[in-house]
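By convention in this document, chain letters (A, B, ...) are assigned in the order of the sequence lines, proteins followed by strands, and residues within each chain are numbered from 1.
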Amino acid sequence: MKYLRLWLALAKNSIIRQLEYRSDFFGGLLLEVVWISSLFVFYKSIFSQVNQVGNWREPEMMFFAASLFLVDAFYMVLLSKNSQSFPETIRSGIFDFYLLRPVSALFISTFRYINITGFFNISMAFFLAIKSGVAITPIGALIWIFYCFVGFSLLYSLLVIVASMAFWITQTSSLQWLFFELYRLGHRPDDIYVKWLQRVLLFAFPAAFFISIPVKLALGKLDGLWFLWPILWTAAAGFIASLVWRRGLKVYEGAMS
Amino acid sequence: MNLRAFVVVTRNSVLSELEYRFNYFMWLLSSLISVAMESAILLLAVKGRGELGGFLETDLWKFVLIGITIRTCTGQWKVVGEGIDEVREGGFRKYLLQPVNYPTYFVARALGDKMTITLLLLFGLAAFKYFDGPGPFLSMTAAPMFLLSFIGVNILTWQIYLMMIYGAFWIDETHFIQIAFNIGMAVFSGSLLPFTWLPEGTRQWVAFTPFQLLGDWPIRSALGRMSFEEFSFLGGQALLWMTIFSLLIWLMGRAGIRRYEAFGG
């Protein structure tokens with residue numbers, strides 16, 4: 001409850017800051033509109049040529065696109081700015097102040113800023129999911145929401161691992177660039193890729209679990225042990241992230257004090 | 001134009017780019033990931049059909065590679081980002097004192113920044129031969145048409161980016177326009193998907209913008225799918241847009257610098 005109240009206060013502060021720069025705010029909205037319409041036109045154009053791409057029909061692909069907006073919107077709202085600014089807090093010594101606060105330094109480092117334009121994408125994601133015309137049961141809808149949340153948690157844990165590298169190597173922008181490029185692979189259903197790449201996305205860098213697996217589970221394309229895999233991956237990544245973070249705290253030498 | 005200054009800035013830009021070798025690895029990786037993402041969906045769609053929307057499998061491969069080359073070479077994230085920040089944060093003042101005007105500086109900087117990766121990718125395209133495709137990647141007639149349109153695309157994108165930077169004199173934050181332009185350009189220019197596949201309504205409004213020139217023009221030239229008449233017609237359109245943009249850049253530059261309040265010493 002304490003953390004929820006704190007997050008709401010931080011969110012309020014971020015919203016006020018962003019609304020101060022109106023051109024930036026409306027520009028951010030314009031950007032989201034361009035992104036959504038580009039992806040929409042992309043899939044519409046492909047399905048104007050074929051009825052099915054691999055195992056994916058148009059409504060399913062549109063549902064996948066809606067799920068991509070959902071997970072990516074949460075990434076944009078909660079994590080994007082925080083993960084980018086974290087190495088700077090280490091370099092400049094601002095992290096010293098995070099350590100002095102009576103709350104978790106990890107919480108304050110990863111949830112300090114929010115990006116409100118991403119909320120537009122969240123609403124668009126639900127709108128497009130309904131409009132996609134995909135046949136999904138109420139249980140399927142619950143599975144979708146739950147596993148998208150699991151996928152997002154996995155993404156969060158992996159980002160914490162990458163951001164924590166700042167404790168050792170200070171300059172992590174290249175690593176974050178690399179991470180983002182690999183994350184991009186998850187923007188398409190995993191089974192459209194060649195087999196070896198599909199395996200990489202399932203077992204090495206689990207980008208398939210961000211969006212693709214939750215959608216396939218919700219649509220009934222996967223069953224059995226597949227319901228367990230995303231949870232195991234997320235638990236393992238969460239454990240490693242907390243380990244790396246704690247090790248990082250031990251090697252951190254304050255810069256300003 | 002101060003040619004000597006132009007050469008110096010270009011050379012410095014190339015050298016500073018070469019300092020960050022990791023960027024080359026990342027560009028390569030980013031291009032490979034784009035190839036994987038784009039070819040996967042297109043090749044899966046064409047699988048078992050032989051052709052899709054007038055494209056054979058080998059044509060789609062070539063399409064993906066040329067599209068990615070064009071987007072990588074024309075995308076000026078870094079230089080444009082620097083320019084916008086300099087206008088916002090006051091760093092722009094140095095260009096008012098230097099013996100080289102800002103558009104010249106920008107072009108030299110952009111040219112130098114992407115010179116090595118452009119040469120690398122163009123060399124790769126020329127050397128690439130699809131394993132079961134007939135003939136070289138670019139035919140003898142397609143190669144000069146591609147190179148001409150490729151130069152045209154670069155000039156047009158430099159001009160568009162320059163207007164974005166000048167736009168920061170009025171609206172502080174124009175980074176979003178840059179990102180929106182890059183995302184929109186990929187789809188609406190016909191460099192992510194063949195232009196003819198776009199919905200009819202989309203193609204109609206794109207015809208009133210320079211988007212088609214930024215992707216479809218060089219790509220179809222390279223694939224040998226464009227008659228000389230059409231190539232010339234689009235080339236004429238490109239010249240017209242370049243003239244309009246030059247005028248706009250001149251007007252925006254004059255008005256922007258007049259309202260610019262530099263600070264710092």
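Taking His187(A), Arg184(A), Lys44(A) one by one and counting their heavy-atom pairs under 4.5 Å with chain B, the maximum is reached by Arg184(A). When each of Leu30(A), Leu197(A), Ile46(A) is scored by its heavy-atom pairs under 4.5 Å with chain B, the top score falls to Ile46(A).
For Arg109(B) (side chain) and Val79(B) (main-chain N/O), no donor-acceptor pair under 3.5 Å exists by modelled atom type.
Looking at Gln52(A), the atoms closer than 4.5 Å to chain B (heavy atoms on both sides) all sit in the backbone: N, CA, C or O. At a 4.5 Å heavy-atom cutoff, Phe26(A) makes no contact with chain B through either its backbone or its side chain. Using a 4.5 Å cut-off between heavy atoms, Phe188(B) contacts chain A through its side chain alone, with no backbone atom that close. Heavy-atom distances place the side chain of Leu193(B), and not its backbone, under 4.5 Å from chain A. Interface remark: Ser38(A) contributes backbone and side-chain atoms alike to the contact with chain B (heavy atom separation under 4.5 Å). Both the backbone and the side chain of Leu182(A) come within less than 4.5 Å of a heavy atom in chain B.
Cation-pi contact between Lys221(A) and Trp226(A): absent, since separation from the ring centre below 6.0 Å together with deviation from the ring axis within 45° is not met. Geometrically, Arg112(A) does not engage Phe86(A) in a cation-pi contact, judged by NZ or CZ lying under 6.0 Å from the ring centre and within 45° of the ring axis.
Defined by atom type and a distance below 3.5 Å, a donor-acceptor pair is present between the side-chain atoms of Ser67(A) and Trp144(A).
Aromatic ring orientation, Phe203(A) versus Trp229(A): perpendicular (interplanar angle above 60°, classes split at 30° and 60°). Using the six-membered ring where Trp is involved, Trp35(A) and Phe69(A) have ring planes that are perpendicular, over 60° apart on the 30 and 60° scheme.
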